[in-house]
Amino acid sequence: MSNRARTSARRKAATTSSPPSEPAAAADFSASIGRVARRIREDLGLTLANVAEQAHISPGMLSRLETGRVSPSLETIVALAEVLGVRPALLLQEVGDEEGDAQYVPDGQGLEVVRRGTKRGHTYHLLAAQRGPRKVFEPFLVTLTDKSEIFPGFQHAGTEFIHILSGEIRYRHGKESFLLKEGDSLTFRGDVAHGPERLVKVPIRMLSVIIYGGGEHD
């Protein structure tokens, strides 16, 4: 082989190398969700191709999800749950399942999920997930970066608490609007339409905790 051919081969190998693996905690979350989804699918006697088609994802993507090689978005979890005929929370039943009750999530390693209507690089990192179909609470670390985005009105069961870690945001809840700055907090009913109205000073980082009364929710 000529020197030019060897150089070309080395360059090709470098450009096709495997991407760096995701953090261990996120990989564990992904594997847990995929394991539960696959078990439910097989228990129902459904094929991978059939479930993928109904959930509007590719069979290859579903296969990678079931084997824990990719982290599913919140939208994908909801779509899969609908096809499998279960609550979305059921797919999270083994996430964080340890011998004890404590869950440790290092900085930046929470499971990243996607909320409906947020497409401009905003991130929602799930910081803890409980075993079983009934959750007591869900804590998220939220990062908002794009001032131009128009957010939908979110609604969900339970009560939500948000605390602004940095930045400044105008947040609406029903007919009310609140200007929240670093260190401010807001608690409100989740079943009333709510969400960011205007990102005043970005980036905005806030802690969002949803508390579910009695666990009666999807």
Side-chain angles (χ1 to χ4, degrees), residues 9-135 137-145 205 208 210 218:
R10 284 196 296 270
R11 287 176 177 171
K12 183 177 181 180
T15 58
T16 57
S17 59
S18 299
S21 58
E22 59 184 329
D28 288 344
F29 280 10
S30 303
S32 296
I33 295 171
R35 181 169 56 247
V36 175
R38 181 175 182 177
R39 183 170 65 237
I40 295 172
R41 176 179 64 78
E42 292 179 342
D43 287 346
L44 294 173
L46 300 174
T47 67
L48 188 146
N50 183 254
V51 171
E53 180 181 4
Q54 294 185 61
H56 304 294
I57 60 178
S58 70
M61 175 60 72
L62 179 56
S63 176
R64 291 192 291 275
L65 187 157
E66 288 189 347
T67 53
R69 287 178 288 170
V70 295
S71 296
S73 68
L74 186 58
E75 292 169 329
T76 298
I77 292 175
V78 171
L80 278 177
E82 184 175 351
V83 173
L84 297 174
V86 298
R87 294 182 179 186
L90 189 62
L91 297 181
L92 295 170
Q93 64 176 332
E94 293 182 6
V95 173
D97 180 28
E98 303 291 345
E99 291 184 359
D101 294 328
Q103 293 183 45
Y104 169 61
V105 179
D107 182 26
Q109 294 189 22
L111 177 64
E112 185 173 336
V113 298
V114 178
R115 293 189 72 172
R116 177 177 57 85
T118 56
K119 302 178 180 178
R120 299 179 185 271
H122 304 308
T123 59
Y124 291 75
H125 285 98
L126 182 61
L127 301 180
Q130 296 169 289
R131 178 180 173 83
R134 293 187 177 183
K135 291 175 289 185
F137 77 109
E138 281 186 310
F140 293 90
L141 177 61
V142 183
T143 303
L144 307 174
T145 58
R205 283 166 56 87
S208 168
I210 302 174
D218 288 340

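Residue numbers start at 1 and run along the sequence shown. Atom set for the values below is all heavy atoms of this structure, side chains included, hydrogens, waters and symmetry mates excluded.
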To check you understand the geometry: which heavy-atom pair defines the closest contact between [X] and [Y], and what is its length?
X     : Y     : result
Ala79 : Ala55 : CB-O, 4.0 Å
Pro59 : Ala49 : CG-CA, 4.4 Å
Asn50 : Gln54 : OD1-NE2, 2.7 Å
Ala37 : Leu84 : O-CD1, 4.0 Å

When rounded to the nearest 0.5 angstrom, what distance separates [atom1] in [X] from [atom2] in [Y]?
X      : Y      : atom1 : atom2 : result
Leu62  : Arg38  : CG    : CZ    : 10.0 Å
Leu144 : Arg205 : CG    : CZ    : 11.0 Å
Thr47  : Arg41  : OG1   : CZ    : 7.0 Å
His56  : Thr76  : NE2   : OG1   : 11.5 Å
Arg69  : Met61  : CZ    : CE    : 10.5 Å
Ile33  : Ile77  : CD1   : CD1   : 4.0 Å

Inset, instruction - State, with a plain yes or no, whether a side-chain heavy atom of Leu80 is found less than 4.5 Å away from one of Pro72. - result: no

Legend entry - Glu42 atom CD, over 12 foreign heavy atoms within 6.0 Å: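 Count over threshold, so yes.
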
Inset, instruction - Step through the shown structure and confirm whether more than 12 heavy atoms of other residues, nucleotides or ligands are within 6.0 Å of CD on Glu82. - result: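 Counting neighbours around CD of Glu82, 12 or fewer heavy atoms of other residues, nucleotides or ligands fall under 6.0 Å, so no.
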
